[in-house]
Amino acid sequence: MKRIILFAAMLIVIVLIVPTVMVALVKDGEDLTESAFGLAPIEKKQEAGQTEVRSEQVAAKDTNGPDIAVYRSNAEAVEQIALEDYVVGVVASEMPADYEVEALKAQALAARTFAVAQMKNGDKNGNVPQGALVTDTVAHQVYQSKDELKEKWKDEFDSNWEKVETAVRDTSGEIITYDGEPITASFFSTSNGFTENAEDYWEQEVPYLKSVPSPWDKQSPRFANETVIPISEFEAALGITLQSDGSIGTIEARTAGGRVETVTFENKTLSGREVREALELDSSDFSWHVSNGQVVIQTKGWGHGVGMSQYGANGMAQEGKTYKDIVQYFYKDVEIESMDELVPTS
């Protein structure tokens with residue numbers, strides 16, 4: 001009789017403890033599977049002997065955090081995507097996969113912070129379709145699914161995916177905050193050697209978006225560019241008429257980050273940002289001259305210049321800086337915290 005009781009007790013212990021141990025091994029071991037990450041959810045009916053499957057599904061959901069509603073522009077539909085999977089798709093789309101892992105981690109924090117801010121505050125600008133919090137375009141953050149990235153990367157998919165996924169998972173749940181709130185984690189490709197004060201581009205001061213040197217960017221293939229525009233197109237785009245003597249507007253002032261602040265034409269003044277957007281220039285750090293009936297424009301940098309320079313982040317990583325060093329360099333006086341206090345994770 002004692003043997004029967006002892007055997008029954010052992011069965012109970014096995015049923016209760018073994019699944020928990022298996023989940024711990026899946027989460028903590030090096031050989032993590034896609035199912036454990038929630039990238040390929042296991043869809044099986046609960047049957048006898050499948051306690052482990054159910055436990056792994058719960059663990060995957062906890063690992064991936066809450067869902068975020070993403071408007072998929074090609075499908076014209078809203079898709080619910082686990083937050084960490086969404087961040088993987090954003091990092092893979094917004095930063096070259098051959099960048100250093102620490103730079104990819106910094107990009108992961110920027111992407112996750114933006115998403116958490118949207119989840120916490122909603123879409124204040126009203127520029128996403130009903131039922132969504134973000135789009136998958138440059139209007140918010142570019143996002144591509146795993147299948148889309150397979151098509152994009154082809155033979156390099158496995159290595160690129162593993163690298164980006166590792167960067168995201170290693171920073172899981174971490175966001176950038178200022179005064180306890182998720183920041184506006186703006187970023188861009190390449191600076192002109194300096195990032196830009198937020199107020200000099202958006203006309204609104206943001207305490208953590210201040211101009212800092214980014215000397216690494218001078219090595220970027222997009223550091224310098226030249227655009228040639230026929231005078232007629234130049235005039236039409238800016239709504240001005242050039243003088244017959246071949247002169248162009250006068251650059252009156254530059255910002256702390258070295259970009260054009262204002263340009264004055266004969267009877268019109270435009271900001272550097274207005275000129276950049278109207279002419280679709282790489283940057284608002286520009287100079288120009290007229291040659292053979294065309295306006296030749298030289299630019300430095302690529303992007304608006306506010307926040308984190310992606311090329312600068314990679315340069316810092318190559319010098320041995322960590323993702324935390326990078327984040328706290330480009331975003332002033334911020335903290336790196338868990339998102340758990342701001343967004344429920346289950």
Side-chain angles (χ1 to χ4, degrees), residues 93-96 99 137-142 186-206 209-315 330:
S93 304
E94 291 280 12
M95 178 174 274
Y99 274 22
T137 70
V138 293
H140 294 97
Q141 300 183 118
V142 177
S186 61
F187 58 88
F188 61 97
S189 171
T190 303
S191 80
N192 63 346
F194 294 86
T195 66
E196 189 80 310
N197 289 331
E199 63 267 26
D200 290 334
Y201 195 78
W202 290 325
E203 299 182 357
Q204 181 178 356
E205 184 176 5
V206 181
L209 296 177
K210 294 297 182 182
S211 178
V212 297
S214 189
W216 310 276
D217 302 53
K218 294 178 181 179
Q219 305 303 316
S220 169
R222 291 304 295 262
F223 176 72
N225 192 31
E226 182 174 279
T227 302
V228 179
I229 304 174
I231 287 178
S232 58
E233 293 182 16
F234 182 88
E235 293 176 323
L238 298 182
I240 53 95
T241 300
L242 297 183
Q243 298 297 303
S244 58
D245 62 3
S247 61
I248 315 180
T250 301
I251 296 174
E252 300 285 357
R254 287 186 177 266
T255 66
R259 294 162 181 81
V260 173
E261 184 174 349
T262 53
V263 180
T264 299
F265 296 93
E266 185 177 11
N267 54 9
K268 188 174 185 179
T269 298
L270 296 172
S271 69
R273 176 182 177 177
E274 289 173 325
V275 172
R276 179 201 173 210
E277 292 178 350
L279 300 178
E280 299 181 352
L281 303 177
D282 279 3
S283 166
S284 55
D285 180 357
F286 54 81
S287 57
W288 49 28
H289 65 274
V290 173
S291 176
N292 298 322
Q294 296 180 310
V295 179
V296 181
I297 308 171
Q298 284 90 23
T299 56
K300 289 183 180 180
W302 187 17
H304 50 64
V306 182
M308 182 179 71
S309 162
Q310 293 175 311
Y311 201 90
N314 195 51
F330 285 109

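- With sequence neighbours left out, D282 forms a salt bridge (charged side-chain N to carboxylate O under 4.0 Å, His left out) with R222.
- Every residue meeting the ring-ring contact (aromatic ring centres under 6.0 Å, His included) condition with F286, not counting sequence neighbours, appears here in chain and number order: W288.
- Screening residues 267-279 for salt bridge (Lys or Arg N to Asp or Glu O under 4.0 Å) gives R273-E277 as the qualifying pairs, with residues at least two apart or on separate chains.
- Residue V306 forms a side chain to side chain contact (heavy atoms under 4.5 Å, CB included) with just one option from F187, W202, F330, F188, and that option is W202.
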Counting only pairs under 3.5 Å, give me each side-chain donor-acceptor contact of residues 229-236, with atom names and distances, residues two or more places apart or in other chains.
from	atom 1	to	atom 2	distance (Å)
E235	OE2	L242	N	2.8

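- Qualifying side-chain contact (heavy atoms from CB on, under 4.5 Å) partners for N267, counting only residues two or more places apart in sequence or in other chains: none.
- Identified under the salt bridge (Lys or Arg N to Asp or Glu O under 4.0 Å) test for residues 284-309, with sequence neighbours left out: R254-D285.
- Proximity of W302 to S220: side-chain heavy atoms (C-beta onward) are nowhere separated by under 4.5 Å.
- Partners of Q294 according to the side chain to side chain donor-acceptor pair (under 3.5 Å) rule, which considers only residues two or more places apart in sequence or in another chain, do not exist here.
- Residues in residues 256-278 take part in no ring-ring contact (aromatic ring centres under 6.0 Å, His included) pair, two or more places apart or across chains.
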Just distance, no hydrogens or angles: give the donor-acceptor pairs under 3.5 Å from side chains in residues 211-219, sequence neighbours left out.
from	atom 1	to	atom 2	distance (Å)
S211	OG	T195	O	2.6
S214	OG	D217	OD1	2.3
W216	NE1	E319	OE1	3.4
W216	NE1	E319	OE2	3.0
D217	OD2	S191	N	2.7
D217	OD2	S191	OG	3.2
D217	OD2	S309	OG	2.4

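- Listed here is the closest heavy atom pair of L238 and V275: CD2-CA, 4.1 Å.
- Taking the side chain to side chain donor-acceptor pair (under 3.5 Å) definition, one finds that T250 meets it with nothing, sequence neighbours left out.
- Take E205 and apply the salt bridge (charged side-chain N to carboxylate O under 4.0 Å, His left out) test, not counting sequence neighbours, and it matches K210.
- Here the shortest heavy-atom pairing between Y311 and P221 reads CE1-CD, 4.0 Å.
- Nearest heavy-atom pair, M308 versus A313, reported as atom, atom and distance to 0.1 Å: SD-CB, 4.1 Å.
- For E226, the side chain to side chain donor-acceptor pair (under 3.5 Å) partners at least two apart in sequence or on another chain are Q298.
- Between A256 and N197, the closest heavy-atom pair is CB-ND2, 3.6 Å.
- Between the side chains of T262 and E252, no donor N or O sits under 3.5 Å from an acceptor N or O.
- Side-chain polar atoms of E94 and Q141 form no donor-acceptor pair below 3.5 angstrom.
- Residues N192 and R259 have side chains in contact (heavy-atom distance under 4.5 Å, counting atoms from C-beta outward).
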